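All remarks here apply to the structure that follows.
These numbers come from the heavy atoms of this one structure, side chains and all, not from hydrogens, waters or symmetry mates. Every value quoted in this text rests on a predicted model; they were computed, and no experiment measured them.
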Amino acid sequence: MSYRRGWIAVFLFSLAMINYMDRIALSIAAKPIAEEFHLTSVGMGYLFSSFIWSYALFLIPVGLLIDKYGVKRVGGLGIFIWSLATALTGAASSFASLLTARLVMGAGESVSNPVGAKVIREWVPSTERGTITAIFNSGSYAGPAICSVVLAALVAAFGWRMSFVIAGAIGFVWLVAWYFFYDKPEKVKWLAEGERKHIVATRATSSTGNGSTTAYGLKKLLKTPTLWGLAIAQGCNVYTQYLFLTWLPSYLQEVRHLTIAKSGLFTAIPYAAAVVLCIVIGKLSDQYLKNGSGAASGKRRNVIALTMLIASCILLIPFADNIALLVLIFSLTLAGIASTTSLNFSLLNDMLPSSGDVGRATAFVVVGGNIFGLLAPIVTGYVITATQSYNWAFAIAGGLLVTGAIVILSMTRNPMIAPKQLVDEVLAPHAA
């Protein structure tokens, strides 16, 4: 059988990669921007966090729009907005215009995760879901890996403004390919008929009833602890992701005394390692479920707890006395949080009864993550100012990761709609 659906993995990987290239661009250029606009650590913390404010605000409305109008139109509009905003960041002449560009970028980027989850639900057999979600999420780490080296060189050579123009332009290239080649598997002409039938027949996990496309609605899903558990665990995980995304280059430059170019290199290595390890762990999680009772069992939560504990090795950073050991800890932490994010979205799809709810449920989980995420840059800025050290910032992140592991094991043990409720809702129209 052909495997042309692999191109969907390429689309998703590159979407996440571009998304996070645009996010980390500010962190790479933080030092010259702070000098030009006379910003303190606290001021930079608010600027780092700013795009998450609009990102979190628009997530649930965007999730509803995706469920209603589909991923092609809504996703395309989102990447157009965020790419334009990224490019225009390079033209900022004041702190206010810089902040505005970041807010608009965050609003556009709110499409990314709901689009990814919906595409995976429509295109990917349930037994491949962990792997493809891992590929999608690993793009979030490939972006910073590439950006840390390339944009650091651009900032050093041409100044920070040109780096944003180039980062924004890459998004428009992706957008052209998206409009020409993407659609649902039932509609695209480039998919072999045998593969099309295989996708449609195997993309549901039957024991939770999620072959259904009838939406239950967010209000009903919110009555189940599983959705809340996923959102809280996502928050505990994303806090560390944004701590690294926003403050890691500054930490390397200020505490480890590396140049912008060298800090870019030592930021890139852990992110690149996370890409590989995330995909490997995603594949292993699919294999784990094949050897057990399948995706619908919810057993993927056990792997998530393990990856969060791996990520909690961030607690060891203050004790690392050389760069090699520091890079190893960074790599394990980033691999753990990358895998947790991808597996969390896979578990959401495993436990969600209807594909009609994927956009809104994913948006809710991502909102949960980003409530924590928007705090990370700000809290870190205050911690650095108060203690003149990054150590407590790493301790807070590690504590949250351990908490998230406990939450995912205790709160995600049942499908979001109980099987009895599913049966009653299916039989009710016939009984009437």
Side-chain angles (χ1 to χ4, degrees), residues 20 23-24 27-28 30-31 34 41 44-45 48 138 140-149 151-152 236-278 280-281 305-341 372-373 375-405:
Y20 276 78
R23 292 187 189 190
I24 202 174
S27 303
I28 299 299
K31 189 173 182 179
S41 294
M44 285 304 299
F48 284 145
S138 67
S140 305
Y141 296 82
I146 295 168
C147 195
S148 295
V149 176
L151 290 193
C236 292
N237 189 60
V238 166
Y239 185 95
T240 302
Q241 182 178 8
Y242 281 118
L243 168 61
F244 272 25
L245 193 68
T246 55
W247 282 105
L248 181 56
S250 296
Y251 170 76
L252 291 171
Q253 291 165 30
E254 294 172 11
V255 178
R256 301 292 174 162
H257 308 295
L258 300 179
T259 64
I260 291 178
K262 284 187 177 179
S263 69
L265 175 62
F266 285 110
T267 299
I269 293 171
Y271 276 105
V275 171
V276 177
L277 292 172
C278 179
V280 170
I281 292 171
L306 177 60
T307 56
M308 295 194 84
L309 292 176
I310 291 171
S312 69
C313 72
I314 190 176
L315 293 166
L316 300 175
I317 288 176
F319 306 102
D321 57 5
N322 60 74
I323 289 293
L325 181 57
L326 194 65
V327 168
L328 176 61
I329 295 171
F330 286 161
S331 298
L332 289 174
T333 299
L334 284 168
I337 61 176
S339 299
T340 295
T341 297
F372 286 71
L375 292 173
I378 298 171
V379 170
T380 302
Y382 279 110
V383 167
I384 294 168
T385 300
T387 67
Q388 298 300 304
S389 170
Y390 284 75
N391 291 352
W392 272 105
F394 297 135
I396 292 168
L400 285 172
L401 287 162
V402 174
T403 302

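- Not counting sequence neighbours, Thr380 has no partner by the side-chain hydrogen bond (donor to acceptor under 3.5 Å, both in side chains) test.
- Residues Leu326 and Ala320 share a closest heavy-atom pair of CD1-CB, 3.9 Å.
- Using bins of under 30°, 30° to 60° and over 60° for the plane-to-plane angle, the ring pair Phe244/Phe330 lands in the perpendicular bin.
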N/O donor-acceptor pairs under 3.5 Å from side chains in residues 389-397, not counting sequence neighbours:
residue : atom : partner : partner atom : Å
Ser389  : OG   : Asn391  : N            : 3.1
Tyr390  : OH   : Glu254  : OE1          : 3.1

Pair Thr341-Asn237, side chain to side chain contact (heavy atoms under 4.5 Å, CB included): steps then yes or no: CA-CA 7 Å; Thr341 297; Asn237 189 60; 2.9 Å; yes

Between side-chain atoms of residues 306-318 and protein atoms elsewhere (two or more places apart, or another chain), which donor-acceptor pairs fall under 3.5 Å?
residue : atom : partner : partner atom : Å
Thr307  : OG1  : Val303  : O            : 3.4
Thr307  : OG1  : Ile304  : O            : 2.8
Thr307  : OG1  : Thr340  : OG1          : 2.8
Ser312  : OG   : Leu309  : O            : 2.5

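- Rounding to the nearest 0.5 Å gives a distance of 7.5 Å between CG of Leu334 and CG of Leu248.
- Contact detail for Tyr242 and Ala376: the closest heavy-atom pair is CB-CB, 4.2 Å.
- Ser27 places a side-chain N or O within 3.5 Å of a backbone atom of Leu245 that can act as its donor or acceptor partner.
- Across all non-hydrogen atoms, the minimal contact from Ala335 to Ala274 is N-CB, 3.7 Å.
- When all heavy atoms of Ser331 and Pro270 are compared, the pair lying nearest together is OG-CA, 3.3 Å.
- Summarising the geometry of Ala405 relative to Ala305, their closest heavy-atom pair is CB-O, 3.8 Å, with the distance given to 0.1 Å.
- Shown here for Ala145 and Ala272, the closest heavy-atom pair between the two residues is CB-N, 3.7 Å.
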Checking side chain to side chain contact (heavy atoms under 4.5 Å, CB included) for the pair Tyr141/Gln241: CA distance, chi angles, key distance, verdict? CA-CA 10 Å; Tyr141 296 82; Gln241 182 178 8; 3.6 Å; yes

